[in-house]
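Worksheet for the structure shown next.
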Amino acid sequence: MWLSRLWGTQEVIFFLSITSYVCHLAGAISISSYQQSLTKSVQEDVMFSVDISCLGIPTIQWSFMSARVSRTIGSWQPGGITNVSEEYTDRVQTFNNGSMALSDLSVEDAGFYVITVTELSGSSKDAGFVLKVEEVLYEDLQYLSVFTVVLAFLAAALMLSMWLMDKTYRQLKAWNRQRQKKDNDETELQAL
Ligand SMILES: *[C@@H]1O[C@H](CO)[C@@H](O)[C@H](O)[C@H]1NC(C)=O
Ligand SMILES: *[C@@H]1O[C@H](CO)[C@@H](O)[C@H](O)[C@H]1NC(C)=O
């Protein structure tokens, strides 16, 4: 081979170690994601989608931080053991590319989510996500406004029918009185 003829083994090893050193300085670990800020509603699911690349098999760890708490959600190695903390076991799904899905969100889940990728060499890198969890107030308000409109409509219909019934009753009474008067007049006329 021309390469081994041109370069001795030692030079090749030197070149390789320089390359890996430069890669290390430049940050061999990369964490890419489409979205760092997510907004979800209560009871919805969220997917913290990332794609990591690094040397060898990394250890992925996800932690949660809010104004009140700071805790580790879980850690795993792609294709290896997964260790998810007890309070998250039935809600968390882990993926080999580092992504994590969290289901059945509550307002308490709002906060910062941090992924830490650690290589075998010990070097690590973090990436953070912000999650907002909204309560479903909008739909409630919509139901309430529809309900109010229906109630107002029913009340108006009721008032209109009462007014119509009252008017009909008065008219019937007037007719009755008129007919009685007419009958009386006729009998009076006949009597004459
Ligand atoms: C990571 O993997 C999951 C599951 O296969 C996929 O849904 C997600 O899009 C991937 N994320 C990225 C950034 O590629
Ligand atoms: C699993 O994680 C918990 C904390 O989240 C830690 O205390 C425990 O040592 C871990 N177990 C293993 C086997 O890594």
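Residue numbers start at 1 and run along the sequence shown. All ligand and atom numbering here is 1-based and tracks the order in the structure.
- Within the 3.5 Å criterion, the main-chain N or O of Val117 finds no donor-acceptor partner in the side chain of Asp126.
- Donor-acceptor pairing under 3.5 Å is lacking for the side chains of Thr59 and Thr118.
- Here is the list of ligand 1 atoms found below 4.0 Å of a heavy atom in Tyr34: 12 (C), 13 (C), 14 (O).
- At a 3.5 angstrom cut-off on N or O pairs, Ser32 does not count as close to ligand 1.
- When each atom of ligand 1 is checked for a heavy atom of Ser49 under 4.0 Å away, the hits are 8 (C), 9 (O), 10 (C), 11 (N), 12 (C), 13 (C).
- Side-chain polar atoms of Glu134 and Ser41 form no donor-acceptor pair below 3.5 angstrom.
- Residue contacts with ligand 1 for Asp51 involve both N, CA, C or O and side-chain atoms from C-beta outward (heavy atoms, distance under 4.0 Å).
- The side chain to side chain contact (heavy atoms under 4.5 Å, CB included) test with Met100 singles out one residue from Tyr113, Phe129, Phe95, and that residue is Tyr113.
- When only non-hydrogen protein atoms are considered, atom 6 (C) of ligand 1 lies nearest to Met47 CE, 3.9 Å.
- Under 4.0 Å from ligand 1, the heavy atoms of Val50 that appear belong solely to its backbone.
- Counting protein heavy atoms only, atom 4 (C) of ligand 1 is closest to Phe95 CD2, 3.5 Å.
- With Ser99 contributing its side chain and Val50 its backbone, the two residues share a donor-acceptor pair below 3.5 Å.
- The pair Arg91-Asp109 meets the salt-bridge criterion, with a side-chain N (NZ, NE, NH1 or NH2) lying under 4.0 Å from an Asp/Glu carboxylate O.
- Of all the atoms in ligand 1, the ones that sit under 4.0 Å from a non-hydrogen atom of Asn97 are 1 (C), 2 (O), 3 (C), 8 (C), 10 (C), 11 (N), 12 (C), 14 (O).
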